[in-house]
Amino acid sequence: MAIRRRLALVSAALLASLGGISVSCAGGLAGAPAPFDKGGVKFALVGFISAGDFFAAYQAGAEAQAKALDVDLQVFPGRQDSAEQRSQIEQAINLGVKAIIIDHGEPEALQDVVQKALDAGIKVVAFDVNINNPAVPQVEQSDHELARLALEQAAKDNGTTFSAGYAYVAGFAPLDRRNEVWQEFKKSNPGVVEKAQFGAVNATTAVSTADQAKAVLTANPDISVVFAPYDEFARGVKLAASDLGISSKLKIYSADVSSADIQEIVADGSPWVATVATNPAVVGAVSIRAAAKLVAGEAVDHNLVVQPTLLTQAGLRSAGVTTVEELAAKIPAFNASDVATASWIPAAK
Ligand code: SR1
């Protein structure tokens, strides 16, 4: 039995070295560099926002990639609370993890505790929070490009003279980057007048944003376009428009996509006419791969960018796409990314 098991391991290692593939087996990944070859490797994923489709899909993608690497991934939900997120990073350090992936958060609240992890020899990767440390690779979705694509579509559909509503909350790296593009867009198109800015990020973002959007849209009946570059914001605006009975005179441009979002976008009479998005599960997988490469002693670029794709209501309807899985079958970028790959890292299933 022991001989048979050893033979199986040897042939798995041989396969891996010949074909650049890796085979997961109990207690490690044959053909992978240390410590992944022996197994028992622990990572932590420490979030900040623990509500919404985007973050659930990001986590699922991270978990799938960790599983493929035979990594034990401990997930800590930050619950929109910086003190809790800090304490979760401390807990992860004490657990003896090899890497910590930080998903959003407030940079000022994290920089010293991240340094503590680095000093303990733990590798750190940050997604959408600027840790401002050369040792910490930054994962992002090319937020400038994302906002540019959404606003180009808005200009294509509505021209460059319209009254706009803008959903934004300062202090979140992706929203701040998208905001830079919105400010430039208004400067280059003086006919675009921002009538009101609103939005909230909390455990019930869509509902809180809907309440604010209702007040804004009632007070500014000339608003015909809303730039809401976060899907929870867009859901809130759509809900407000529906409650006010003004869906037919509004167009919403957003970021992000989930299966639930697609259903809201393609629904009859929906004012949500375009979104620009990556597959968050792919971004989660990239974050884990970057951490794994660092742990294996391999070089990782400082900026790891997953490119987003414009998805219009018309395009989704004509393609008959109703879920992210169907999208992934049609658009290769929704299926996988070549960012932070290595021959020994198996694809997430
Ligand atoms: C509050 S920040 C929300 C954004 O984070 C991710 O980058 C998603 O794209 C989402 O829009």
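When a ligand or atom number is given, it counts from 1 through the structure's own listing order. Predicted model only: the values in this text are computed from it and were never measured.
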Where's the contact between [X] and ligand 1, heavy-atom distance under 4.0 Å: side chain, backbone, both or neither?
| X | result |
| --- | --- |
| Leu175 | side chain |
| Pro174 | side chain |
| Gln80 | neither |

Assess, by modelled atom type and distance only, whether the side chains of [X] and [Y] contain a donor and an acceptor separated by less than 3.5 Å.
| X | Y | answer |
| --- | --- | --- |
| Gln111 | Gln115 | no |
| Thr275 | Ser254 | yes |
| Trp182 | Gln197 | no |
| Tyr253 | Asn158 | yes |

Check if His104 has a non-hydrogen atom at a distance under 4.0 Å from any atom of ligand 1.
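Under 4.0 Å: yes for His104.
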Touching ligand 1 at all, Arg178? Heavy atoms, strictly under 4.0 Å?
yes
Could you find the nearest protein heavy atom to atom 11 (O) of ligand 1 and give me its residue, atom name and distance?
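Sorting protein heavy atoms by distance from atom 11 (O) of ligand 1 puts Asp256 OD2, 2.6 Å first.
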Which residue and heavy atom of the protein sit nearest atom 7 (O) of ligand 1, plus the separation
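In this structure, atom 7 (O) of ligand 1 has Asp128 OD2, 2.4 Å as its nearest protein heavy atom.
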Apply the ring-ring contact (aromatic ring centres under 6.0 Å, His included) test between His104 and each candidate in Phe48, Tyr230, Phe55; give the one that qualifies.
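Considering Phe48, Tyr230, Phe55, a ring-ring contact (aromatic ring centres under 6.0 Å, His included) with His104 is found only for Phe55.
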Short list, please: which atoms of ligand 1 are under 4.0 Å from a heavy atom of Ile49?
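Per the distance check, 1 (C).
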Can you list the ligand 1 atoms lying under 4.0 Å from a non-hydrogen atom of Gln141?
6 (C), 7 (O), 8 (C), 9 (O)
When you compare ligand 1 with Tyr230, is there at least one nitrogen or oxygen pair between them that comes in under 3.5 angstrom?
no
Taking distance alone, with no angle check, do Asp143 and ligand 1 share an N/O pair under 3.5 Å?
no
Please check this pair: side chain of [X] against backbone of [Y], looking for a donor-acceptor N/O pair closer than 3.5 Å.
| X | Y | value |
| --- | --- | --- |
| Gln80 | Asn202 | no |
| Gln263 | Thr322 | yes |
| Gln88 | Pro77 | yes |

